[in-house]
K.L.:
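Below is the structure I would like to discuss, written out as structure tokens.
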Amino acid sequence: MGELKVHRVRFFDYMPTAIRAMAFNAHTERLALARMDGSVEIFNFTDHYFQEKVIPGKDSRSIESLCWVGGRLFSAGLNGEIAEYDLENLRPKYSLEAYGGPIWTVISNTQGTQLAIGCEDGTVKLFEVLEEHIQFERNLDRQKGRIISLSWHPSGTHIAAGMMDMIRVFDVPTGHAVQRLLVDRGIGGSKSRETVVWSVAFLSDHTVVSGDSAGKVQVWDGHTGTLVKTHLVTKWDVLALSVSKDESSVVAGTSEGTVIQFQFIAPTLHQQDKEWVRTRTFKNHTHDVRALAEIETAIVSGGMDTHLVVRPLLEKFDEKSHASGLRKIHFPHRNLVSCAKKAGLLLFQFPGQLELWRLGDSDGHGKPGDRLPLKWKPEKLLLLKRKGEDHICCSALSSCGGWLAYSTVSSVRIYRLQTDNNISITKVSKLPKVLRSAHQLCFSSDSSKMFAASSQSSVLVIALTQSECKYVHTLKPKSGSRQPIHLMTTSVDGKWLAAANSDCEIHVYNLQKLKLHCIVPVYGSCPSAMGIHPTTNNLTMVHADQQLFEYSIVEKQYTDWSRKLQKQGLHNVWLDRDTPVTHVTFNPKNPNQVVLHDMHMFCIIDQSLPLPDQKTQFYNQMTLRSLSEQERPSHLHAFKICKTFQDLLCVSLLDDQSLVVVERPLLAITSQLPAPVRQKKFAT
Amino acid sequence: MISYVESGITVSVKVYSSSSEECVHDLQGHTDLVSGIARNPSNHLQVYSCSADGTVRLWDFTDGILIKTFIIGYPIYSIYVSEKHGGVVFVVVPMANDKSSELFQLVAVHLPRSGDQEVEARELSAVLCDVSPSPGAASFGREGEYVAAAKGLQLEVFFFKKQKFFLKPGIKKGSKNAFTCVSCHPKEDCIATGHADGKIRLWRNFNQKKEYTYSTLHWHHGAVNTLQFTPEGTNLLSGGIESVLVQWRYTQENQKDFLPRLGAAITHIAVSPDGSLFCTSHSDNKITIIQSCVKVSAIIQGLVKSEGVRTDLMIDPRSKALVLNGKPGHLQFYSLHRDKQLYNLDIVQQEYINEEGLDQFEVVKAAFDAHGDWLATVEERRQKGSELEINLKLWAYDEQTQSFVLNTTVTAPHEDQITAMCFSPSPETTMLVTISFDGHFKAWLLADHSDTKEGASWSCDFVGGYHLLKPGCCCFSADGSLLAVGFQEVVTVWSPSSWELLTTLSQPPGAIRDLCFGRLSCSKYLLGTSTKNQLCCWNILTCSLEWSTPMDVSLLQADPLSENIAAFCSQSGLFVFKPGEPRPLYSQRALCTGKVQHAIFAPRDQMLESCEEHAQWLNRSQLYFLTQHMVLTVFVFGGVFQLMVDNSVAVTPFYLLLGKHRLQQQQQQQEALTNPMAERIQLPQGSIAIKEVCLLYTPAHVLPSASFLCSMFVRSLLISSQNSIVMMALHPRGLFHQSCSDTSVQMETRRGSHIKCNFTTWFVLIQTTRPEFNPEHPVQELELCRPPHTGRVRIPILVYYRLHTIYSSPHTI
């Protein structure tokens, strides 16, 4: 691999926020996930759980519940508003005051014609879902006490509502409450505290399943209003319930971080009368499980400990595959770090601010693995707080370090930076009117142009000069895709720009002619990272399913190396990795080397070396080290993988041949979380 | 109503009463290890037992009668029965027809209906291949519809109706969650499995489609050894190394009851058919009977097998019980005559924490004074990186509670390990001497503080040493007037009254290993063994060496009731001699396999009137010894049966009856031995003989009618026609060397050493109950037969001694 000086950066205090709500769309296989800061993420479960879209949060918005109606996504929160999201422009489409105080939950009926919300003032409000809007229809009978949770019977005639100390069943056509199911309080000291029914599920055989703050999962008969079975599962709260599609299984998430499965099983085989039996327990969280979804083959859970867990149900798989492995998604599948390669600056993007750091330097020499003495320490040059309520959705730093730009859903700001001796920052005041918001920002390598990904996959080209910035052109794709662009990259010679959107299309534009050059053949999986080679102008793309392609922009075809790689197939170890590659850079000194990384490793692909076949040892760095100089060449292969650094957010190669590795140890994230509920541990 | 607990122990099945803890019957008949027992589902008074000898036997356990013997022909490792499958028992046999095979299969055996006592059951049909041979690893499900068997990481379910396998995929490999045991719910389709990581999984919905699911219960921190559903299926019982019986409520698994402190790891659980009594067997040779998980109602406790006997064997002078290490931190009092533990004395008095690699206090030395009023114990704990912790505790016998009460605790009595400890036998003073590697010996005296309220307590009286040498052993003379302490090569003799060094004796080279004063008429002699294989005898009166002989003596033990001293050699030879006489009373080579590590003379209840001179040394006491394989063996030498009717020494008719059949047995075995090519045949008359033995133990009200007995009895008095005794080996010089063809045990006796009379030949018969010679199961019966004297006696006089194994494998239910 050769020797590299490594800047091991651990001062990016990235802190994801807790997961609050989740909704799975079985039709499109998209999971919508709401975090505490009001941001919404869309994961594509058909494409290796790739995080397709991120709708940035807003200070005043809090989301308590998410709900899909067809392809439309609605949310409701404690600010009392219902919002619908524009998934093409990654922003709320509209929001509507419900006039019922804070909203705890929102659900839709199976037909997708109505929404029901549960409000703090004790009303269940029905909204009609119209083509472009929703409209208030009526209230159901108002109850005393807040409505915490709702569940619609699949036929649409009844709604079960979880409240304080009770569950109400409403008849939807008349709007009257027909059943009142009283929920016991906890025993002991919690007797005086009201029991909160955090979650209810109404099954098609009129069974109501409830989870409450006394730690019980209870099964009720919805017709008669009688309790069928009580499962005391925890000393703390049962916060979330989710029912499988065939209603044979219910999962419950608790404050202890466990997910408990209940199954509808006949106690004796081949008999009809079935009962709900507690079966498996999954413990993948340390904190409250606030959101749950049971999908066809897996249980998806998330909560206070900020990571999303996809726990496959192993009995649904016949053989081991990438889908049968446990997935934990900790980091976003996009870049939060911009690196100025010439100036040695790093820009860290937080939802509320940007941080600009200058890397330290050292002129020492040492053995591999040594810590070098620092000539100067890394230094935080700048902390830039955003203006307005909207959170930052993207940011960029030019490679010379002279320009900085960020965008929220409402505005784009560009700054001129001076970092040489005395640091100064000046906002570029006059921006072109067309530049209102951007999904992605990117500077050309000579910092003369800035590219902003706009709506409908178009790219705005902005010319930057010392005094002003000027709108030049809008690059539009021919395909007419309306999906947002999530990746953009330019070539070093300034001639090419590649942009990838959520439809998996990659457009290559000629920046000299300002027109579309070609479309890379569409591959079925979304590109997760790409880069244009500085000398050959080949576009290297890595997709969410871990496939790797190299496309010659000049020749408009895949390169020979890429064809060879596809013909031979990637190594299974490579394909089995569970985090996508999020960054591709190149070694300017050695044109054969491509540097890419995911969360757990970084890899230098040397295109001059033979490709590994399935039999070769894939992680061979340790073996190579133990071999003598003469034996090594026969064991070399193109993928050189380093796992020394873990929990990587960014790996980039600076122009002075030093490697920047931005780590965010998961332990550091865990240590900043609030303390979990106290549990008696064995032998303590 | 009496409920019975059956426990399979080595070669017999014992029936205990669950209310009185007494052994009601000993069902003997199997010739090899009994591996399992099961109730006959169609008759609740009958029980099946299976054994590695390849037979399944059906017993009437209330009367203790063998009803039938089914010969399977393969060694059987466990047995299962099911109510639905009448006339069929399921046994686990090796896949290949040899004992070394690692693969086992579960087969169904159709028991033929015939009136014969002994039936060959050859109709076997394989049910499951590759199962685990351990008895808890398979279980029959609801109404016998399926059988579940677990091995390694796989659980297999076989449905009888569909004749279909249902294979569960192995659970995650690499982790320590291999299956250990299985139990099926009797009413619902639920299989409970125990795992090596302490989890219990309840499997449900296991139909042919892959829709099975499981829930996990976790309380045990060690492996789950055994699982059992109660007959109604309302509760699930589990046990493991924690020695806690856990009762889980079925379907409400978070409610569980515990019965803690059962003493040792639970190995098996059985539930009575009405569910009122549970029975757990433990790794320390104990059966506990529990009333519905609430109360321990009875304990059947054998000799506890401890990790290592670091205290010597001792005899409690009061109860005449054998005292040795029992449970960790305890001393056990074990009645030799009743094969029963009398009680446990908690010495360490600390909670024992069951964890590997944890250093805890161990009882390393114990000693009784002459009357059993005082008990001294030494416990030590050696932790890595810290100093040795030693406590000396002195316990006074309390007449009221009939047990020992702690009187004095001395922390750190010595700076180093205590190597020996003994009480002074003198009646005037109560004195204890401790010897330590720190170069000193200390004398402790009972100081009477009658003026204070505290009562008597012990304190140090004297600290002695000799040239900073390390002392290794000590011994008081019989009257307590002399104390001999071995300081490496030097024996120092002290006067305990004045603490004066009287003399030193030395016989280099070699450090003194063991010291022993002679008793009674030989009390002037001091015997010592050295590491350089010398056995020396000093005369204390002359302070000179009386005699010495090169002999590799590893253990020297004096009989307190006679002058005799037993010396065990390294090659487990035994010599019994009187210090004053140069010639040994008795000698025996190759007594058993393994080195004899501890031995003790236990006084007999009644003195025997033995006429044989070579056996007279055992008249007053019995010799018990413990080998390195932790087998406690008793040396029985003396049942001398003279089968002449005119020889009228207290020959009761039953005595005669018994002896006669034993004799016949011997003869047949002799015949079998003379023809080594012939197969080892099953004794055709063995069953009758045993029946008659049983007859003696059977209560009178269950005996057959007197007329039946009478005819049998009269028949046995008739002189047998078969009088063919075969000489095995003849040697004119009387020194002979005989190796048996199938055991390779060698025996050698010296002529005249124990028989003075004119017998010229001996022959040796060695019968082992296990065909292979296994160090864990040493010779269980070793018999010496003497041919008839040519002139006078017509019917052979049979001399036999028997090594009776008391340590047995843990009880199995």
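Because the structure is a prediction, the values reported are computed rather than measured. Excluded from the calculations below are hydrogen atoms, water molecules and symmetry mates; all remaining heavy atoms, backbone and side chain alike, are included. Note on naming: letters A, B, ... go to the chains in the order of the sequence lines (proteins, then strands), and numbering restarts at 1 for each one.
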K.L.:
Taking only residues two or more places apart in sequence or in another chain, which ones pass salt bridge (charged side-chain N to carboxylate O under 4.0 Å, His left out) with E256(A)?
P.N.:
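E256(A) satisfies salt bridge (charged side-chain N to carboxylate O under 4.0 Å, His left out) with no residue once adjacent residues are dropped.
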
K.L.:
Is it the case that over 12 heavy atoms from other parts of the model lie below 6.0 angstrom from the CD atom of E83(B)?
P.N.:
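No, because the 6.0 Å sphere around CD of E83(B) holds 12 heavy atoms or fewer from other groups.
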
K.L.:
To the nearest 0.5 Å, tell me how far R280(A) CZ sits from R201(B) CZ.
P.N.:
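Rounded to the nearest 0.5 Å, the CZ-CZ separation comes out at 10.5 Å.
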
K.L.:
If I take atom OG1 from residue T281(A) and atom OH from residue Y214(B), how far apart are they, to the nearest 0.5 angstrom?
P.N.:
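Going from OG1 on T281(A) over to OH on Y214(B), the span is 9.0 Å.
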
K.L.:
Working to the nearest 0.5 Å, report the span between OG1 of T268(A) and CG of N205(B).
P.N.:
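T268(A) OG1 to N205(B) CG: 10.5 Å, rounded to 0.5 Å.
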
K.L.:
Between CZ of R278(A) and CG of L202(B), what distance do you get to the nearest 0.5 Å?
P.N.:
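If we round to the nearest 0.5 Å, R278(A):CZ and L202(B):CG are 10.5 Å apart.
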
K.L.:
Could you tell me the separation between the OG1 atom of T213(B) and the CZ atom of F264(A), rounded to the nearest 0.5 Å?
P.N.:
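With rounding to 0.5 Å, OG1 (T213(B)) is 14.5 Å from CZ (F264(A)).
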
K.L.:
Quick one: list whatever passes side chain to side chain contact (heavy atoms under 4.5 Å, CB included) with Q255(B), sequence neighbours left out.
P.N.:
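R249(B), Q252(B).
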
K.L.:
If you count every heavy atom of other residues, nucleotides or ligands that lies below 6.0 Å from K235(A) atom NZ, does the total exceed 12?
P.N.:
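Counting other residues, nucleotides and ligands, NZ of K235(A) stays at 12 neighbours or fewer.
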
K.L.:
Does NZ belonging to K84(B) count more than 12 external heavy atoms closer than 6.0 Å?
P.N.:
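Yes, NZ of K84(B) has more than 12 neighbouring heavy atoms, counting only those of other groups under 6.0 Å.
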
K.L.:
Among residues 291-304 of chain A, which residues come closer than 4.5 Å to chain B, judged by heavy atom distances?
P.N.:
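Residues of residues 291-304 of chain A touching chain B at under 4.5 Å: none.
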
K.L.:
Please list every donor-acceptor pair under 3.5 Å in which a side-chain atom of residues 183-191 of chain B meets a protein atom from a residue at least two apart or in another chain.
P.N.:
{"residue": "S183(B)", "atom": "OG", "partner": "F229(B)", "partner atom": "N", "Å": "3.3"}
{"residue": "H185(B)", "atom": "ND1", "partner": "K187(B)", "partner atom": "N", "Å": "3.0"}
{"residue": "H185(B)", "atom": "ND1", "partner": "E188(B)", "partner atom": "N", "Å": "2.9"}
{"residue": "H185(B)", "atom": "NE2", "partner": "G233(B)", "partner atom": "O", "Å": "2.7"}
{"residue": "K187(B)", "atom": "NZ", "partner": "E232(B)", "partner atom": "OE1", "Å": "3.1"}
{"residue": "E188(B)", "atom": "OE1", "partner": "Y250(B)", "partner atom": "OH", "Å": "3.0"}
{"residue": "D189(B)", "atom": "OD1", "partner": "R142(B)", "partner atom": "NE", "Å": "3.2"}
{"residue": "D189(B)", "atom": "OD1", "partner": "Y146(B)", "partner atom": "OH", "Å": "3.1"}
{"residue": "D189(B)", "atom": "OD2", "partner": "L269(A)", "partner atom": "N", "Å": "2.3"}
{"residue": "D189(B)", "atom": "OD2", "partner": "R142(B)", "partner atom": "NH2", "Å": "3.1"}

